[in-house]
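All values below come from the heavy atoms of this structure, side chains included, with hydrogens, waters and symmetry mates left out. Throughout, residue positions are numbered sequentially from 1 according to the sequence presented. In this text the structure is predicted, and so the values were computed from the model without any measurement.
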Amino acid sequence: MKVGVDSFVAKVTDPDTEEVVGPVERFAHLMEEIETADRAGLYSYGIGEHHRAEYYDAAPAVILAAAASRTQRIRLRSAVTVLSAADPVRVFQEYATVDLISGGRVELVVGRGSFTEAFPLFGLDFGDYDELFSEKLELLLAIRDHERVTWSGRHRPALRDQPVYPRPVQDPFPIWVGVGGSPESFARAGLLGLPLMVAIIGGQPRQFAPLIDLYRRAGAEAGHPPEQLRVGLHCFGFLGDDVAAAVNAFYPGWEAMFTTIARERGGMPPTRRQFDATRGPDGAYVVGDPEQVAAKLARISEQLGGVDRINLQMTNPRLRHADLLHSIELLGEVVPKVADA
């Protein structure tokens with residue numbers, strides 16, 4: 001199993017001073033976080049995409065290009081690119097460019113996104129939510145597989161024997177599909193033979209076993225070999241020298257983040273009891289010391305029939321930069337413990 005980190009580049013209020021970390025300093029911190037992950041031996045670092053005031057990750061390809069110039073080994077990913085609201089030609093060009101800058105270390109994870117701000121921002125109808133993604137994924141894969149593309153659809157002007165440049169280092173360029181809980185999304189990824197990145201933001205990971213089985217069955221029935229049907233997970237996680245240190249650092253920001261989401265969506269506000277239950281032995285949150293985190297990652301993989309990688313989303317709006325750096329360093333200690341899991 002490979003281990004990595006995902007970041008939404010949250011706007012941070014320093015919990016010690018109650019001062020908001022400015023965007024210039026926040027990006028400097030982010031680069032230090034990615035460099036630390038590279039030195040710690042983590043497999044990958046992913047940058048999300050949001051178009052909201054509380055995040056600075058609206059242009060993930062730009063961020064990853066900066067990270068590529070400051071790292072040596074770590075793979076760099078989107079987490080996820082909101083393909084429904086983007087032009088697949090431009091997405092391919094941007095990530096192919098980052099792949100060239102990095103010497104072939106980039107992966108593109110595409111999805112529909114868990115927020116809706118991108119649709120009105122780019123003049124799209126949310127009623128076309130699923131059709132936009134399906135059509136644009138079809139075009140993106142055509143661009144990946146063919147230097148010259150002929151294609152037509154409903155949501156973008158047609159291409160007629162149009163070359164798309166630059167071409168990336170990697171061939172084929174790795175494209176993953178990011179999914180939540182829709183069975184149709186799991187089945188579609190399997191039919192296309194694309195690797196699957198599952199966002200598990202609550203509940204119990206083992207509840208996703210039937211959906212992952214569906215993905216693997218759909219892929220097998222479409223004739224794709226098992227080794228092509230890789231599964232990755234995106235989960236909340238954080239490490240400390242002990243459980244108390246990890247929880248005390250991570251919980252305040254987690255509470256603030258989910259309080260905002262509950263207020264926007266009309267849900268119940270989060271509670272400490274809910275958090276503690278979800279970081280329990282079978283819950284989705286991976287919070288603890290390196291030994292506990294390694295054991296939990298192995299258990300999750302076993303429950304889901306084996307996963308290729310797990311990426312921990314560590315950032316939140318009330319997290320000390322020093323605590324985050326230390327968590328990344330401790331995650332590096334987990335890497336050899338789960339290498340054979």
Side-chain angles (χ1 to χ4, degrees), residues 1-2 43-44 46 75 77-84 86-89 91-92 95-96 99 104 106-114 128-156 158-159 164 167-168 170-200 205-234 300-311:
M1 186 196 310
K2 305 174 185 70
Y43 182 75
S44 65
R75 294 187 68 78
R77 298 176 293 101
S78 60
V80 301
T81 294
V82 184
L83 186 62
S84 302
D87 181 349
V89 174
V91 168
F92 184 85
Y95 282 88
D99 198 49
V106 170
E107 297 179 352
L108 180 57
V109 184
V110 298
R112 294 179 292 187
S114 59
D128 297 327
Y129 181 80
D130 190 62
E131 185 180 7
L132 280 165
F133 181 75
S134 297
E135 183 176 291
K136 291 184 176 187
L137 178 59
E138 176 188 86
L139 175 54
L140 181 66
L141 294 175
I143 296 168
R144 180 191 69 172
D145 296 339
H146 305 282
E147 187 171 321
R148 305 186 75 90
V149 180
T150 296
W151 176 92
S152 64
R154 196 166 77 88
H155 297 283
R156 189 200 187 281
L159 298 174
V164 180
R167 308 306 296 182
Q170 301 173 88
D171 185 17
F173 184 67
I175 296 176
W176 292 62
V177 175
V179 299
S182 165
E184 293 79 11
S185 296
F186 283 79
R188 173 169 48 205
L191 289 171
L192 292 171
L194 296 174
L196 186 74
M197 185 63 66
V198 186
I200 303 180
R206 64 186 176 189
Q207 294 171 323
F208 285 81
L211 291 170
I212 291 174
D213 288 343
L214 171 63
Y215 161 73
R216 289 171 171 147
R217 288 198 310 273
E221 290 171 5
H224 301 297
E227 62 271 17
Q228 188 174 326
L229 302 172
R230 292 173 289 162
V231 175
L233 306 180
H234 163 98
I300 291 172
S301 179
E302 181 179 5
Q303 290 172 343
L304 299 178
V307 300
D308 180 75
R309 61 191 65 181
I310 298 182
N311 308 306

Contact between [X] and [Y] at the side-chain level, heavy atoms closer than 4.5 Å - yes or no?
| X | Y | value |
| --- | --- | --- |
| Leu140 | Val89 | no |
| Phe92 | Pro168 | yes |
| Trp151 | Arg156 | yes |
| Thr81 | Val109 | no |
| Val307 | Ile300 | no |
| Leu108 | Val110 | yes |
| Leu304 | Val231 | no |
| Leu233 | Asn311 | no |

### Enclosure of Glu302 CD (heavy-atom neighbours >12, cutoff 6.0 Å)
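No, CD of Glu302 has 12 or fewer neighbouring heavy atoms, counting only those of other groups under 6.0 Å.
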How far apart are the closest heavy atoms of [X] and [Y], and which atoms are they?
| X | Y | result |
| --- | --- | --- |
| Tyr215 | Arg230 | OH-O, 3.3 Å |
| Ala220 | Leu229 | N-CD1, 3.9 Å |
| Gln207 | Pro210 | O-CD, 3.4 Å |
| Ala187 | Ala218 | O-CB, 3.7 Å |
| Ser301 | Met1 | CB-CE, 3.4 Å |
| Leu214 | Pro183 | CD2-O, 3.5 Å |

What is the distance from atom [atom1] of [X] to atom [atom2] of [Y], rounded to the nearest 0.5 Å?
| X | Y | atom1 | atom2 | value |
| --- | --- | --- | --- | --- |
| Leu141 | His146 | CG | NE2 | 9.5 Å |
| Glu147 | Arg167 | CD | CZ | 5.5 Å |
| Arg216 | Leu211 | CZ | CG | 12.0 Å |
| Gln170 | Arg75 | CD | CZ | 4.5 Å |
| Leu83 | Leu132 | CG | CG | 9.5 Å |
| Ser78 | Tyr95 | OG | OH | 4.5 Å |

Given 3.5 Å as the limit, does a donor-acceptor pair link the side chain of [X] with the main chain of [Y], or not?
| X | Y | answer |
| --- | --- | --- |
| Lys136 | Ser84 | yes |
| His224 | Gly193 | yes |
| Lys2 | Ile310 | no |

### With Pro226 via side-chain contact (heavy atoms from CB on, under 4.5 Å) - residues at least two apart
none
### Query
In chain order, what residues pass the side-chain contact (heavy atoms from CB on, under 4.5 Å) check against Asp130, with sequence neighbours excluded?
Arg112, Ser134, Arg188
#### Entry: Intermediate values then yes/no, side chain to side chain contact (heavy atoms under 4.5 Å, CB included), Leu192 and Leu137
CA-CA 10 Å; Leu192 292 171; Leu137 178 59; 3.7 Å; yes
### Task
Describe, in one word, how the ring planes of Phe186 and Phe208 are oriented to each other, choosing from parallel (under 30°), tilted (30 to 60°) and perpendicular (over 60°).
tilted
### side chain to side chain contact (heavy atoms under 4.5 Å, CB included) assessment of Val106 paired with Phe173
CA-CA 8 Å; Val106 170; Phe173 184 67; 3.8 Å; yes
#### Entry: Ion pair check, Glu135 and Arg154, cut-off under 4.0 Å
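Answer for the salt bridge query: no.
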